[in-house]
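Note that the coordinates shown come from a computational prediction; the quantities given were computed from them, not determined experimentally.
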Amino acid sequence: MEKQGSITVFLALILGLMLSLVCTCLQSVKMAAARTQVLSGVDIGLYSLFGQYDKTLLRDYDLFAIDGAMGADSLNPGAMYDSFRRYMEPVLRQNSQKLSLQQGGLTGYRLLTDAQGEIFYQQAVRYMKDTLGSHGAQLLLGKMRERQEKTQEAQQTGEQSENRGSMQSYEEEMRTAAQNSEAAREAMEKDEGGVVEVVPPPQPQTPVENPIPVIRRIRNMSILDLVVPADRGVSDGSIDRGVLLSGREQQQGMQMASGISPDTSYLSQVLFQQYLMEKLGNYASPSQGPLQYETEYVLCGKYSDRENLKAVVKRLLLIREGVNFAGLMADPVKRAQAEGLSLAIASTFLVPPAAFVIESALLLCWSFAESILDVRELLDGGKVGLMKNAENWQLSLENLPHILQGLDTVRKSDASGLSYEDYLQVLLLAQNKQKKLSGAMDMIEKSVQRKKGKEHFRLDCSVVALEVSVRVRANGRKTLQTVRQYSYG
């Protein structure tokens, strides 16, 4: 039996609409799948590109960056995009989608040295936060704040004692006394017809040795000869400014949508100086680069190890002089000794009113000589107390004129004190942030260039963030455009 079927015009219209809806949905799903595949391809391309981070930079300095020069000696955005594209295109060829890359390029990138080194700074700080943890960072913060305050006070005291003019006043008094003595002698010669009976001045019961002229001569000697132990020596390393990052015109990144906010917190400053102490060499722990005292270079910016060490030593001497001068002023026994010797010197030179001036010069000389022993002990690997008292004082007033004979026998280490590297940390905290960044980047770049195959390494070619834009033709019908970013951290 034959069955007959029929369909109404209304149902035919409905089925046509449903079929059109189904086809539209299928096409929409297909385009969504294509868009997802394009996004996946871009992400994989970026992940793979950033997976080629500089291993030397990470191993030695815990910094993430890719070599934007791609082995050359200058920034090469085209080579970076080609590397990205080689990782992206295989993803586009997967599945049944017909995807073809039509156009693409880098629309932004950020370098490790951008914003005057702020990117480098924030990476270093983040590494220290991850290493120390919040508790360790807070402990370090408290310790460094206390040391910095005491050191700043000591430096101010040292500057005040030096600027007080004690030595100048002493020299003027001695010059006046000599002139008065000569004038008196000439007057006696005139009154007695040229016959003068020389009457020696009354002498003290015990000979008085004036240490001030000795210390004045020592202050004019080479400072490194005084404070560097004979068996340690000083590096003769030097470098030409033209080969440093700070000595050339640096590459700049291409602006990206996301900006850079400077980090100005005190905690970050403390963490950054701790990072520099861990990663850079110094006199106590020299590096193998052209400048062995890298931390001293960051502090002073000179182009030889000797000059950098000399500049740091001068600052340490001033700090220690302030500490020692304050210790003398707070010690009644030593003040009494200085007063007694000053009176004896004044009586010997027949200038009793000058006793106060002589005492001021004597205290300055005594604190300076003690500072020489302090800094020499620091450079010999010992420790010196942040404050001085009768227990950790080294140089007696009797030995003051003979300090050169006791440079290595009188001094002693204070187990509870600060080391040379501890003082460098405090000095770094007081240093201008931009100078620290510039000096640190100089030293890191030169250090990496010493590695085999890294001779052309440039810190200002080290990329930490990229923005890429691509146009992909999907299924021969629609063009998809995608902009994506990726960065370390």
Side-chain angles (χ1 to χ4, degrees), residues 57-65 110-156 245-246 253 258-282 284-285 294-301 312 315-316 319 323 383 386-387 416-445 447 459 462 464-465 487-489:
L57 205 57
L58 178 63
R59 182 184 65 246
D60 295 346
Y61 297 102
D62 290 283
L63 298 173
F64 275 104
R110 190 172 293 146
L111 307 176
L112 197 59
T113 55
D114 277 353
Q116 296 182 309
E118 184 67 27
I119 307 297
F120 160 70
Y121 179 80
Q122 293 185 15
Q123 271 212 36
V125 170
R126 186 162 56 246
Y127 160 73
M128 292 308 303
K129 285 181 178 178
D130 294 342
T131 302
L132 295 176
S134 58
H135 180 66
Q138 290 302 319
L139 288 177
L140 178 64
L141 177 64
K143 180 173 66 174
M144 293 309 302
R145 179 176 281 124
E146 179 184 6
R147 289 179 178 178
Q148 186 181 27
E149 290 174 354
K150 291 183 177 179
T151 302
Q152 287 177 342
E153 292 176 2
Q155 185 166 351
Q156 291 174 359
L245 174 66
S246 61
S258 55
I260 305 169
S261 300
D263 185 348
T264 59
S265 71
Y266 183 76
L267 175 59
S268 294
Q269 294 180 49
V270 172
L271 293 174
F272 185 65
Q273 60 84 17
Q274 185 69 22
Y275 173 84
L276 296 182
M277 292 304 302
E278 285 190 10
K279 302 301 182 181
L280 302 184
N282 57 68
S285 179
E294 295 171 328
T295 307
E296 287 84 345
Y297 170 80
V298 173
L299 283 168
C300 305
V312 169
R315 295 176 65 178
L316 290 179
I319 292 170
V323 170
K383 295 184 177 182
L386 192 55
M387 304 300 292
S416 61
L418 303 183
S419 67
Y420 176 73
E421 291 181 312
D422 291 333
Y423 274 101
L424 287 182
Q425 290 189 49
V426 177
L427 293 178
L428 282 170
L429 269 178
Q431 178 75 317
N432 175 275
K433 176 182 176 181
Q434 192 52 50
K435 289 183 179 178
K436 281 189 289 191
L437 287 173
S438 178
M441 291 190 296
D442 279 347
M443 294 296 96
I444 289 176
E445 182 180 89
S447 177
L459 207 61
S462 300
V464 297
S487 67
Y488 291 118

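Formation of a donor-acceptor pair under 3.5 Å by the Glu296 side chain with backbone atoms of Val312 is not found in this model. The backbone N or O of Met443 lies less than 3.5 Å from no partner atom in the side chain of Ser447, so there is not a single donor-acceptor pair. Between the side chain of Glu445 and the backbone N or O of Leu459, at least one donor-acceptor pair lies under 3.5 Å. Asp114 places a side-chain N or O within donor-acceptor distance of the main-chain N or O of Gly253, the cut-off being under 3.5 Å.
With sequence neighbours excluded, the residues that form a side chain to side chain contact (heavy atoms under 4.5 Å, CB included) with Asn432 are Gln434, Lys435. Applying the side chain to side chain contact (heavy atoms under 4.5 Å, CB included) criterion to Leu58, with sequence neighbours excluded, gives Tyr53, Phe64. For Lys150, the salt bridge (Lys or Arg N to Asp or Glu O under 4.0 Å) test picks out Glu146, with sequence neighbours left out. Annotation: side chain to side chain contact (heavy atoms under 4.5 Å, CB included) contacts of Thr151 (sequence neighbours excluded): Ile319, Leu386, Val426.
Listed here is the closest heavy atom pair of Ala154 and Val323: CB-CG2, 3.3 Å. In terms of heavy atoms, Ser246 sits closest to Asp442 at OG-OD2, 2.6 Å. The minimum heavy-atom distance linking Val298 with Ala440 is given by the pair CG2-N, 3.7 Å. Taking all atoms of both residues into account, the shortest heavy-atom contact from Ala115 to Ile260 is CB-CD1, 4.0 Å.
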Pair up each side-chain donor or acceptor in residues 266-276 with any protein partner under 3.5 Å, not counting sequence neighbours, and list the distances.
residue: Tyr266; atom: OH; partner: Gln148; partner atom: OE1; Å: 2.6
residue: Ser268; atom: OG; partner: Asp263; partner atom: OD1; Å: 3.2
residue: Ser268; atom: OG; partner: Asp263; partner atom: OD2; Å: 2.6
residue: Ser268; atom: OG; partner: Ser265; partner atom: OG; Å: 2.8
residue: Gln273; atom: NE2; partner: Val270; partner atom: O; Å: 2.9
residue: Tyr275; atom: OH; partner: Tyr61; partner atom: O; Å: 2.7

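When side chains are defined from C-beta on, Arg147 does not count as touching Leu429, because their heavy atoms never get closer than 4.5 Å. Contact of the Ser285 side chain with the Glu421 side chain is registered, since non-hydrogen atoms from C-beta on lie closer than 4.5 Å. Side-chain contact check for Leu140 versus Met128: every heavy-atom pair is 4.5 Å or farther apart. Annotation: side chain of Ile444 is not in contact with side chain of Lys279 (no heavy-atom distance under 4.5 Å).
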task = Evaluate the side chain to side chain contact (heavy atoms under 4.5 Å, CB included) criterion for residues Leu280 and Tyr297: first the C-alpha distance (whole Å), next the side-chain angles of each, then the deciding distance (0.1 Å), finally the verdict.
result = CA-CA 10 Å; Leu280 302 184; Tyr297 170 80; over 6 Å; no
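Salt-bridge formation is not detected for the pair Lys383/Asp422: no Lys NZ or Arg NE/NH1/NH2 atom is positioned less than 4.0 Å from an Asp or Glu carboxylate oxygen.
Under the side chain to side chain contact (heavy atoms under 4.5 Å, CB included) test applied with Leu63, the options Ile119, Leu112, Val464 reduce to a single match, Leu112.
Each salt bridge (Lys or Arg N to Asp or Glu O under 4.0 Å) pair with one or both residues in residues 118-129, not counting sequence neighbours, appears once here: Glu118-Lys433.
For the atom pair NZ (Lys436) and CG (Leu428), the distance works out to 6.5 Å, reported to the nearest 0.5 Å. The distance from atom CG of Leu427 to atom OG1 of Thr295, rounded to the nearest 0.5 Å, is 11.0 Å.
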